[in-house]
Amino acid sequence: MEKIPMTSEGYKALEEEIRFLKSVERPRIIKAIAEARAHGDLSENAEYHAAKEQQGLNESRVAELEDKISRADIIDVSKLSGDTVKFGATVDLVDEDTEEEVTYQIVGETEADVKKGKVSITSPIARALIGKSAGDSVEVVTPGGGKSYEILKVRFK
């Protein structure tokens, strides 16, 4: 089985989602199924079929998350150091065309969220940054075209 790299923060988020799905969503769905059953004929009972579909989606999400947790390779970013970009690094960049500064942390696929400044290790920008250090320029090929960034700072927090 292939290990899934993730930060301890990402691992905790997966555990929290599983806890929510099992302790909040599962009982809510079971209650909805019981209420729909009480309405009688199940063959034409839309509420029953909707609740059963929700149950299937919930259980498949729990199974998916439990699989990811079982294959997790937790990397403690606070114990990492160095000058080059690698998994867990927080990188300050400046767009060489617009002079706009951005900060990204390189994380596992399961915890990537660009709006929060977390990019997946498999994303084009992360692949371009890996192995580089402050002062280096990188070309990133994105679906919207090429971008050029200069690395201002590499840190691990």
I need the minimum non-hydrogen distance between D92 and R155, along with the two atoms involved. OD2-NH1, 2.8 Å
Donor-acceptor pair between E109 and S120 side chains, under 3.5 angstrom: no
Applying side-chain hydrogen bond (donor to acceptor under 3.5 Å, both in side chains) to D73 and not counting sequence neighbours gives none
Rounded to the nearest 0.5 Å, the CD atom of E66 sits from the CD atom of E15 at a distance of 11.0 Å
Residue D67 excluded, over 12 heavy atoms near CG under 6.0 Å: yes
Thinking salt bridges, do E111 and K116 make one under a 4.0 Å N-O criterion? no
Heavy-atom distance under 4.5 Å between the side chains of K147 and E139, does that happen here? no
Go through R71 and E2 one step at a time and tell me if the side chain to side chain contact (heavy atoms under 4.5 Å, CB included) criterion holds. CA-CA 7 Å; R71 297 186 298 136; E2 185 180 327; 4.2 Å; yes
NZ of K157 to OG1 of T90, rounded to nearest 0.5 Å, is 4.5 Å
Begin with the C-alpha distance, continue with both residues' side-chain angles, and end with the deciding distance and a verdict on side chain to side chain donor-acceptor pair (under 3.5 Å) for S137 and E150. CA-CA 4 Å; S137 285; E150 180 183 345; 5.3 Å; no
If you round to the nearest 0.5 Å, how far is CD of E25 from CZ of R28? 4.0 Å
Cluster partners of L14, using ILVMFWY side-chain heavy atoms under 4.5 angstrom, listed by chain and number? I4, M6, Y11, I18, F20, L21, V24, V62, L65, I69, I74
Any chance CD of E64 has more than 12 other-residue heavy atoms, nucleotides or ligands included, within less than 6.0 Å? yes
Roughly how far, to the nearest 0.5 Å, is CD of E59 from CD of Q55? 6.0 Å
Return yes if some donor-acceptor pair links the side-chain N/O of K86 with the main-chain N/O of S81 below 3.5 Å, else return no. yes
Tracing side-chain links under 4.5 Å among I, L, V, M, F, W and Y, which residues wind up in one group with I151? I75, V77, L80, V85, F87, V91, L93, V102, Y104, I106, V114, V119, I121, I125, L129, I130, V138, V140, Y149, V154, F156
Measuring from K3:NZ to K68:NZ, what's the distance to the nearest 0.5 Å? 15.0 Å
Between N45 and A36 (side chain of the first, backbone of the second, donor and acceptor by atom type, cut-off under 3.5 Å), is there such a pair? yes
Assess whether a salt bridge exists between R61 and E17, defined as any Lys/Arg side-chain N lying under 4.0 Å from an Asp/Glu carboxylate O. yes
Value rounded to 0.5 Å, distance of CD in E16 from CZ in R19: 4.0 Å
